[in-house]
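Letters A, B, ... are given to chains in the order of the sequence lines, protein chains preceding strands, and every chain is numbered from 1.
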Amino acid sequence: MSDGQIVVSGLTKHYRNVRAVDNLSFTVEPGRVTGFLGPNGAGKTTTLRMILNLVTPTAGAATIGGQRYADLAEPLRHVGAVLEASSAHKGRTGLNHLRVVAAGAGLPRQRADEVLAMVGLTPAAKRKFKGYSLGMRQRLGIATAMLGDPKVLILDEPANGLDPEGIRWMRDFLKSLAAQGRTVLVSSHLLSEMQLLADDLVIIAAGQLITQGPVDEVMGSMSGNTQVRVRTPQAEALTGVLAAQQATVTPGGDGALLVTGVDAPTVGRAALTAGVELHELTTERPDLERVFLDLTAGKAGIR
Amino acid sequence: MRLVRAELLKIRTTNAWWLFGLGALVMLALAFLVNAVNAIQLLNNPEDVPAMSPEQAEQVRAQADVVFQAANLYTSGQFFGLLFVMLLGIVVVTNEFYHQTATTTFLATPRRTAVVLAKLVTAALFGAVFWLVTTALTIPSTMIFFAVKDFDNHFGDWEITRALLLNLLAYVLWGIFGVGFGVLIRSQIGATITAVVLYLLGTTAASIIFTLLRVWLDAEWISELQVIVPSIASQLMITGTELPGSPPQWVGAAVLIGYAVVTGTIGTLIVRRRDIG
Ligand SMILES: Nc1ncnc2c1ncn2[C@@H]1O[C@H](COP(=O)(O)OP(=O)(O)OP(=O)(O)O)[C@@H](O)[C@H]1O
Ligand SMILES: [Mg+2]
C-alpha cells in the first residue's frame, strides 16, 4: 500500500429509527492530521467503525489506500485505531495485552515492549489493566494502535481523560506521525485543541457532511463572521459614520462596539476622517468554536 | 493457527483457566468418592437393594456389573467437568464483550469466521486438556481402588476404552457448546447463569418430564428419547455396558456432534453479521 488515503463514499447507516450516518463522503490525505468534528450523536463513531469494518454500512463504502479494511491481508500493519468502547481485559497486564494482540496479528513479540516504551508505559508494563488510570488506558490504546507500525491512524476522541500534559503529548505525537507522511484521522470535541492540531477538517452534523477542507479554508469560508471591536467615548458618532459604510454595529456589552461588514483599517480611517477618538481597535477572527457552532447550528442536539 | 495461539495466550494471561481447573478437580475428587462408595455397595451386595418395579430391578442388576462400575469410575467427574469446560468456552467469547476487547480482536482479524473458528478450536483443546488431566487421575485411582477391593479393573477392555474415548469426545464437544452459547448470550453473567441453570436443572427436569411422559403414554421408547438432552447424551456415552431402556452409546455421540455442529455454525453466522461497538 503506497498511499494511505482514506476515501469515504456514500456511507450510510440506519439504525432502527435513526439515520446515524447519511450518505457521507469525504477523503483524508496522508501526511496531514485531519480533524473529524461533529456535535454529540453526529455519527462520528459510527463512521469510524464503518471504515474499520466493525459496523456494516447500510449503503456506501470506505477504502484505505484503495482497499476495504476487510480485504487488507495484514490490517494492523496498515491501519492502527484507537476507539471508544475499546479496552483491555481488567485482569491482564498491559504488556500481556499487547502480546496477545501481537500474537493474533502475527507481529513479533518484542513489538509489545517497543510500543509500550513509545507511549511511556514501561514502568506499568507488569501491572494489571484494572489498576491503570484513564490517561494510562488511553496510552495503552495508542500503543496497541502502533503495534504494526501502521501508515494510517484512526482515533476516536483520543484526548478524552488526558490531563493538559497528556493532551500536549498526544498533539506532538500525532503531529510527528503526520510529519512522517502517515495519515492521521482524529475525532474530537475539543475544538481549541483541534485548532492547534489539525491541518484539515471534516465537519459533520446529523450524519451529513457540513464542510471539508484545510483548516484555513474552512475558517476562511466563515470570514464574513470576522468582526472588529472598537472602544470609543463617542459611540453615537462612530455608529453614524459606519452605518453610512454599510457596516453593522452592535453593542459589545462592556462598552465596546462590535462592527461587522468592514475591516479594521476601514473603521480606523472612518474614525480619523470623522474626528472620532478611538481607545481600542482589534480584529476578532472567529475561532473554530464559533465557526463550528455557526456551521452546525440547528443540526446539533441528541437524536 | 496464530489465532489459536493468541486465544491460548488470552486464557493463559488471566485467572479463569486455573479457577475452573481447580473447580473441576475438586468436583472430580467428590465424584470419584461418591462413585467408589456406590461401586462397593452394588458390587458387594447386588441382591441387597430394595426391589422396586421389575424394570428398575433390571437396571440395578445391570449396574451391578464390574465393567459398568469400572467405566463409571474411570470417567468420574464428567458431569461437572463438562460444566466447567462449557463455562470456559462461554468465557472465551463473552470476555471479548465484557472487557470490550472485541474491537481490538476484530481489528486485528477482520475475517470473523477465522476468529470464531480459533475460539472453537481453543475451547475444544481445553476440553481435551481437562479430559487428559482428569483421566490421568482417575485411571490410577480406579486401579488402586479395585486392587484393594480385589476386583478385576478391566483396563484395556474395549468397553472401557470406548467409554474413555467417548468421554474425550464429550469434553471436546462441550467446549464447542460453550462458545456457541457465549455468542448467543453476549452478557457474561447472563450466559454463565443461564448455562449453569440449564445444565443442572435442565438435566433433572428433562428426566422427570420423560419419566412422566413414559408413564402417561405407557411407552418404553419414550425414555430412549432422553438422549436428545445433551447432558444425558454425554452420560450415555460413557457407560461401559448397555443399560436396559437406553439406546447404544454411539447414539449419544451422534446427538452431541449434531448439537456441536449446530451451535458452532449458528455462532459463526451471528458473529459474522453483528455490529461491534
Ligand atoms: N448500536 C446502535 N443502535 C442504535 N442507534 C445507534 C447505535 N449506535 C449509534 N446509534 C445512534 O447513531 C447516532 C450517531 O451515533 P455516534 O455514536 O456515531 O455519534 P458520535 O458522533 O460519535 O457522538 P459522540 O460525539 O457523542 O461520541 C446517535 O443518534 C446514536 O444514538
Ligand atoms: Mg462518538
Side-chain angles (χ1 to χ4, degrees), chain A residues 13 15 20 45-46 48-50 52-58 67-107 109 128-130 137 140-141 144-145 147-148 150 154 156, chain B residues 1-20 88 90-122 125 182 186-189 268-277:
Chain A
K13 180 71 183 183
Y15 287 113
T45 300
T46 309
L48 297 183
R49 285 190 174 264
M50 283 194 286
L52 295 165
N53 189 49
L54 294 168
V55 168
T56 317
T58 310
Q67 277 186 293
R68 294 184 319 150
Y69 190 85
D71 297 334
L72 294 172
E74 306 228 44
L76 290 200
R77 290 185 192 271
H78 297 298
V79 185
V82 181
L83 295 175
E84 286 177 329
S86 166
S87 182
H89 191 294
K90 313 277 173 297
R92 203 176 276 144
T93 67
L95 183 59
N96 276 336
H97 169 74
L98 292 168
R99 283 183 177 163
V100 165
V101 181
L107 297 165
R109 189 181 153 91
K128 290 195 171 170
F129 183 74
K130 63 180 163 216
R137 291 175 183 211
L140 186 64
T144 313
L147 264 177
I154 294 179
D156 198 4
Chain B
M1 206 48 233
R2 77 185 189 205
L3 291 178
V4 175
R5 269 220 311 282
E7 290 298 331
L8 291 175
L9 191 58
K10 280 180 195 174
I11 297 181
R12 273 200 294 119
T13 51
T14 52
N15 291 333
W17 70 271
W18 66 262
L19 286 175
F20 287 168
L88 201 69
I90 288 176
V91 165
V92 163
V93 178
T94 52
N95 257 351
E96 299 269 2
F97 299 102
Y98 183 70
H99 295 285
Q100 302 189 324
T101 51
T103 295
T104 309
T105 300
F106 290 125
L107 281 177
T109 317
R111 288 163 297 116
R112 297 191 187 171
T113 311
V115 173
V116 182
L117 281 181
K119 289 191 184 297
L120 290 171
V121 170
T122 305
L125 275 178
R186 237 185 306 183
S187 143
Q188 185 147 57
I189 297 160
T268 310
L269 291 179
I270 291 180
V271 170
R272 279 172 64 103
R273 301 178 47 114
R274 183 183 279 161
D275 286 346
I276 308 294

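Side-chain contact check for B/Arg272 and B/Thr113: at least one donor-acceptor pair (N or O, by modelled atom type) lies under 3.5 Å.
Interface remark: B/Arg112 contributes side-chain atoms only to the contact with chain A (heavy atom separation under 4.5 Å). In this structure, the portion of A/Lys13 lying under 4.5 Å from any heavy atom of chain B is its side chain and not its backbone. For A/Leu52, the parts lying near chain B are the backbone and the side chain together; criterion is any non-hydrogen pair under 4.5 Å.
The CG atom of B/Leu117 sits 6.0 Å away from the OG1 atom of B/Thr268 when rounded to the nearest 0.5 Å. Going from atom NZ of B/Lys119 over to atom CD1 of B/Ile11 covers 8.0 Å, rounded to the nearest 0.5 Å. In this structure, CG on A/Leu95 lies 14.0 Å from CZ on A/Phe129, to the nearest 0.5 angstrom.
For chain B, the option among A/Glu84, A/Glu74, A/Lys90, A/His97 with the highest count of heavy-atom pairs below 4.5 Å is A/Lys90. Annotation: maximal heavy-atom pairing with chain B below 4.5 Å, among A/Val100, A/Thr93, A/Thr56, A/Thr45, occurs at A/Val100. Note on B/Thr14, B/Thr109, B/Val4: by heavy-atom pairs under 4.5 Å with chain A, the leading option is B/Thr14. Most heavy-atom pairs under 4.5 Å with chain A: of the set B/Asn15, B/Leu107, B/Leu3, this distinction falls to B/Leu107. Of the listed residues (B/Leu8, B/Val115, B/Leu9), the greatest number of heavy-atom pairs within a distance under 4.5 Å of chain A belongs to B/Leu9. Put simply, of B/Thr105, B/Thr101, B/Thr13, B/Thr104, the one with the most heavy-atom pairs under 4.5 Å next to chain A is B/Thr13. Most heavy-atom pairs under 4.5 Å with chain B, from the set A/Ala70, A/Gly91, A/Gly106: that is A/Gly106.
Shown here for A/Gly94 and A/Leu140, the closest heavy-atom pair between the two residues is O-CD1, 4.0 Å.
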*Start with the C-alpha gap between B/His99 and A/Arg92, add the side-chain angles, then the distance that decides, and say whether side chain to side chain contact (heavy atoms under 4.5 Å, CB included) holds.*
CA-CA 10 Å; B/His99 295 285; A/Arg92 203 176 276 144; over 6 Å; no
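In this structure a side-chain-to-backbone donor-acceptor pair under 3.5 Å is missing from A/Arg99 to A/Arg109.
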